[in-house]
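A short worksheet on the structure shown next.
Both ligands and their constituent atoms are indexed starting at 1 by order of listing.
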Amino acid sequence: MNEKDIKNLEEIFEQRIARDEKIEPKDWMPEKYRQTHIRQISQHAHSEIVGMLPEGNWITRAPTLRRKVALLAKVQDEAGHGLYLYSATETLGITREELYEQLHSGKAKYSSIFNYPAITWADMGAIGWLVDGAAIINQVALCTTSFGPYARAMVRICKEESFHQRQGFEILLTLCNGTEVQKAMAQDSLNRWWWPSLMMFGPPDAESTHTEQSMKWKLKRKSNDDLRQQFIDQTIPQAEILGIKVPDPDLKWNEKRKSYDFGEIDWEEFWQVVKGHGPCNKERINARIDAWEKGVWVRDAALAYAEKQSDKKLNKAV
Ligand code: BYC
């Protein structure tokens, strides 16, 4: 293909984006569009899979059977989200093995939030309420993203995240209506998860390397700071219902902006966690590598079975 042909294709592509048409896997797309989607969708998939670890650890310690069933279903949903998202990424011409390799070698990122420990039962509430709450705000915007398989996966994922957010809020509501010790546990959990939840939306717009291009391609529909503000405005009234306090002395309603002003986020901490130096980074990656290595016999058995079946078909055909 010569330069003129590529320019033509680029123009047609930009016009399709402008018309809000979905881009499908077999459509022509600029290489950078493909690569940035592989990066973001796979990081999203890795986040779902690594995100199962802090909660998975609490399934056997859930306080009642009802809580256990709900948590088990939530963690199972996360596995499903990871699988749709890996499948969506594979449509862009990368294999599942390559994606796992990128996660295990530390080349691919996953959400910073999952590098914090879940140390009490209240953390199951805070993860559902805050982490899934933040995820919904980010993902509702992604339901209209320009790449078809990603947008369609988001619709179902958002519905399930909405259930997750409510189960988390309900855990905290129960604790907040319980004994003083239970309420203190809920407050402690909010203290520890609040700031890391705000970091989930990524660096401030001025420092975000990908936002400008991703907004042009309609991969991102809202900026990191806009989504973060929306999350804060939506979450503060919920904290008031719970009767617990967000750990930010600078948090204040701004009547003019009809939004909350809030304190400085510790971006140094964020980058430390993103670069692999958070409290649980090593533990999380080691758990994933361990699962991959221990699962080798399952993959081998499935492959051997598939080969046997295809040999049988072949023998019948001759
Ligand atoms: N953590 O230019 P920027 C869930 C990286 S899981 C780590 O703003 P972008 C759940 C960023 O990758 C939901 N790294 O990037 C599961 C980039 O580095 P690279 C997870 C981060 O992509 C289980 C650099 O910083 N949701 O719901 O335009 C249980 C510069 O950033 C983070 C998603 O993945 C971070 N927080 O915007 C419970 C949503 N933030 O790649 C719940 C999909 C930034 O150049 N992703 N970085 O090396 C997105 O919407 C966007 O990728 C982001 C970042 C808003 C996260």
Side-chain angles (χ1 to χ4, degrees), residues 32 35-58 71 73-82 84-85 88-89 102-103 106-116 118 123-143 145 147 150-151 153-154 157-158 160-165 167-168 193 195-217 219-228 231 265 267 269-278 281 284:
K32 271 194 175 166
Q35 290 306 330
T36 208
H37 275 76
I38 290 177
R39 178 188 64 80
Q40 179 167 323
I41 308 173
S42 66
Q43 289 182 0
H44 195 162
H46 299 323
S47 304
E48 296 283 356
I49 298 301
V50 177
M52 294 163 72
L53 295 169
E55 293 173 302
N57 198 27
W58 277 92
L71 187 61
K74 178 182 194 289
V75 173
Q76 191 173 296
D77 285 350
E78 282 148 11
H81 299 174
Y84 319 141
L85 290 167
T89 320
Q102 291 180 354
L103 174 68
K107 183 170 176 259
K109 296 189 168 72
Y110 57 88
S111 184
S112 49
I113 193 77
F114 301 115
N115 293 306
Y116 291 85
D123 289 355
M124 295 305 97
I127 291 177
W129 175 42
L130 299 174
V131 177
D132 286 274
I136 294 171
I137 288 188
N138 171 281
Q139 290 169 179
V140 164
L142 288 172
C143 288
T145 191
F147 185 55
Y150 195 24
M154 280 301 118
I157 291 177
C158 281
E160 292 176 350
E161 299 288 29
S162 163
F163 153 75
H164 298 169
Q165 197 262 357
Q167 72 89 43
W193 290 92
W195 293 105
S197 299
L198 299 189
M199 293 173 194
M200 278 178 77
F201 296 95
D205 293 350
E207 286 163 36
S208 163
T209 34
H210 303 293
T211 295
E212 195 186 342
Q213 182 59 68
S214 292
M215 294 281 270
K216 280 188 192 150
W217 278 330
L219 160 57
K220 274 171 113 164
R221 307 303 302 238
K222 287 188 179 178
S223 79
N224 299 359
D225 286 335
D226 285 351
L227 291 170
R228 189 169 8 252
F231 172 73
I265 294 172
W267 291 114
E269 175 182 320
F270 170 75
W271 289 117
Q272 281 300 319
V273 175
V274 170
K275 285 178 190 152
H277 311 300
N281 293 61
R284 301 290 185 238

Heavy-atom proximity to atom 5 (C) of ligand 1, best of His210, Glu161, Lys109: Lys109
Atom indices of ligand 1, in the order listed, that fall short of 4.0 Å to a heavy atom of Gly202: 40 (N), 44 (C)
Contacting atoms of ligand 1, where contact means under 4.0 angstrom from a heavy atom of Trp271: 25 (O)
Parallel, tilted or perpendicular, as decided by the 30° and 60° cut-offs, for the rings of Tyr150 and His44: perpendicular
Atoms in ligand 1 flagged as close to Glu55, the criterion being non-hydrogen separation under 4.0 Å: 29 (C)
Polar contact flag for Lys74 and ligand 1 (N/O pairs, less than 3.5 Å): no
Which of the ligand 1 atoms, numbered from 1, are nearer than 4.0 Å to a heavy atom of Gly51: 23 (C), 29 (C)
Atom 53 (C) of ligand 1 touched by protein heavy atom at under 4.0 Å: no
Ser112-ligand 1 polar pair, N/O distance under 3.5 Å: yes
Geometric class of the Trp267/Phe270 ring pair [parallel <30°, tilted 30-60°, perpendicular >60°]: perpendicular
Nitrogen or oxygen atoms of Asn138 and ligand 1 under 3.5 Å apart: yes
Close N or O approach (Leu142, ligand 1; < 3.5 Å): no
contact_flag Gln139 ligand 1 heavy-atom lt 4.0 Å: yes
Proximal atoms of ligand 1 relative to Lys220 (non-hydrogen, under 4.0 Å): 8 (O), 9 (P), 28 (O), 37 (O)
Test item, Ser214 contacting ligand 1 (heavy atom, 4.0 angstrom): no
Numbering as shown, the atoms of ligand 1 that approach Val131 to under 4.0 Å (heavy-atom distance): 38 (C), 42 (C)
